[in-house]
There are 2 protein chains.
Amino acid sequence: MRIGELAQKSGFSRDTIRFYEQNGLITSTVEDSETNSYRNYKDDCLVWLEFFAGAREAGMTVADLRSIVVSTAESCDREVARAVIQRKIEELEERAEQIGNVVLFLENTLSGSD
Amino acid sequence: MRIGELAQKSGFSRDTIRFYEQNGLITSTVEDSETNSYRNYKDDCLVWLEFFAGAREAGMTVADLRSIVVSTAESCDREVARAVIQRKIEELEERAEQIGNVVLFLENTLSGSD
DNA sequence: TAAAACAATAGACCATTGTCCACGGTTTGG
DNA sequence: CCAAACCGTGGACAATGGTCTATTGTTTTA
């Protein structure tokens, strides 16, 4: 599919998709046979983008996402991928714990304001 | 206390503390009686900074923190403060949920890579 | 009392994460 | 066939969250 369709389906702007592609988060192909230079995106780009949306919300950076994408690439060692992802999971769990602490602090602030 | 002590105790750099102060996250006083223009920070600045450290980790922005600080100021209506903080708590809980989703996706990626 | 350590201010500078714009080429609908 | 809609590229611009430097003044300490 072309970028417009991918943008529409994923909810990201074309600019953001190009930005992500420039940063190695997704890849596309350009058919030599074409007279244009339009990029073609496969369905798995959409799957990744859907993941990215949640992951960014969850506080992962573009660099984090790139490390995950790279680690899951064909060429990559399964164990390496496993380690990278496991590390990210741990970071997220730490973050979730931190959120719990902050919520407690805020709830305490609320009850203390009585 | 002065900025150096606050920096040492809080773990933030002096620059960051000044940045936070410029952005209304903490306040200080300058004694007229002093020959210098050194700022004095009260103990509650340290409490706030400790909170900020966790809150930033949890994904809250400086603007978020300012809204909380402002809402808890003496001059502010208790109900307004309550509403602001309650809203932030909800945002954090949404974020925590999002993190849960991302972790699931990643765990799925791991098991799918077998 | 002199050097070292500390402080204030202002402004430059940096990475991150996009967005917007101008320009020129391509495709598509009517 | 023509206009509208689409695409690519490159570069400017912006907000966020700091960091670093230069300059000048103050305090501490040996």
Side-chain angles (χ1 to χ4, degrees), chain A residues 1-42 45 48-49 51-70 88 91 95 98 102, chain B residues 1-42 45-46 48-49 51-69 88 91 95 98 102:
Chain A
M1 86 189 94
R2 301 210 288 225
I3 199 169
E5 188 180 349
L6 185 58
Q8 181 265 311
K9 284 182 176 166
S10 69
F12 286 101
S13 72
R14 290 162 204 218
D15 277 334
T16 299
I17 290 172
R18 291 194 188 104
F19 174 74
Y20 283 175
E21 184 168 3
Q22 278 160 21
N23 282 273
L25 267 54
I26 54 173
T27 54
S28 64
T29 52
V30 181
E31 305 295 316
D32 274 359
S33 59
E34 304 285 348
T35 66
N36 61 38
S37 57
Y38 291 3
R39 295 176 173 287
N40 298 291
Y41 298 90
K42 286 189 289 185
C45 287
W48 276 117
L49 287 175
F51 164 66
F52 296 160
R56 295 281 300 118
E57 274 285 298
M60 301 189 77
T61 67
V62 169
D64 287 334
L65 298 179
R66 183 171 48 240
S67 74
I68 290 173
V69 168
V70 169
K88 295 302 167 191
E91 284 173 17
R95 188 184 300 268
Q98 197 61 262
V102 172
Chain B
M1 84 190 95
R2 301 210 288 226
I3 199 169
E5 188 180 350
L6 185 58
Q8 180 266 312
K9 285 182 175 165
S10 68
F12 286 101
S13 73
R14 290 164 206 220
D15 278 333
T16 299
I17 290 172
R18 291 194 188 103
F19 174 75
Y20 283 174
E21 185 168 2
Q22 278 160 22
N23 283 274
L25 267 53
I26 55 173
T27 54
S28 65
T29 51
V30 181
E31 305 295 316
D32 275 358
S33 59
E34 302 286 348
T35 65
N36 61 39
S37 58
Y38 291 4
R39 296 176 173 287
N40 298 290
Y41 298 90
K42 286 188 289 186
C45 288
L46 185 53
W48 277 118
L49 286 174
F51 164 67
F52 296 160
R56 295 281 301 118
E57 274 285 299
M60 301 190 78
T61 67
V62 169
D64 287 335
L65 299 179
R66 183 171 48 240
S67 74
I68 289 173
V69 168
K88 295 302 167 191
E91 284 173 17
R95 186 183 301 268
Q98 197 60 263
V102 172

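Below, chain A is the first sequence line, B the second, and so on; all start at residue 1.
- Counting heavy atoms from C-beta outward, A/Trp48 and A/Thr27 have side chains that stay 4.5 Å or more apart.
- B/Glu31 places its CD atom 13 Å from the P atom of D/dT27, with the value rounded to the nearest Å.
- The backbone N or O of B/Asn23 lies less than 3.5 Å from a partner atom in the side chain of B/Arg66, making a donor-acceptor pair.
- Taken to the nearest 0.5 Å, the CZ atom of A/Arg2 stands 6.0 Å off from the OH atom of A/Tyr38.
- Straight-line distance from the CG atom of B/Leu25 to the C1' atom of D/dG17: 11 Å, rounded to whole Å.
- B/Val102 has its side chain within reach of A/Phe51: a pair of non-hydrogen atoms, C-beta onward, lies under 4.5 Å apart.
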Once base and sugar-phosphate atoms are separated, protein heavy atoms under 4.0 Å mark nucleotides 1-17 of chain C, 5' to 3', with B, S and - as -----BSSB-------B
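- Between A/Ser13 and C/dC20, a side-chain N or O to OP1/OP2 separation shorter than 4.0 Å is absent.
- Close to D/dT27, at under 4.0 Å from its OP1 or OP2, lies a side-chain N or O of B/Asn36.
- Atom CZ of B/Arg18 sits about 9.0 Å away from atom CD of B/Gln22, to the nearest 0.5 Å.
- Between A/Asn23 atom CG and C/dG18 atom P there is a gap of 10 Å when expressed in whole angstrom units.
- Side-chain contact between B/Cys45 and B/Ile26 is present, with heavy atoms from C-beta onward closer than 4.5 Å.
- Look at CD on B/Glu21: it is 17 Å from P on D/dG17, rounded to the nearest Å.
- In this structure, CZ of B/Arg66 is placed 12 Å from C1' of D/dG17, rounded to the nearest angstrom.
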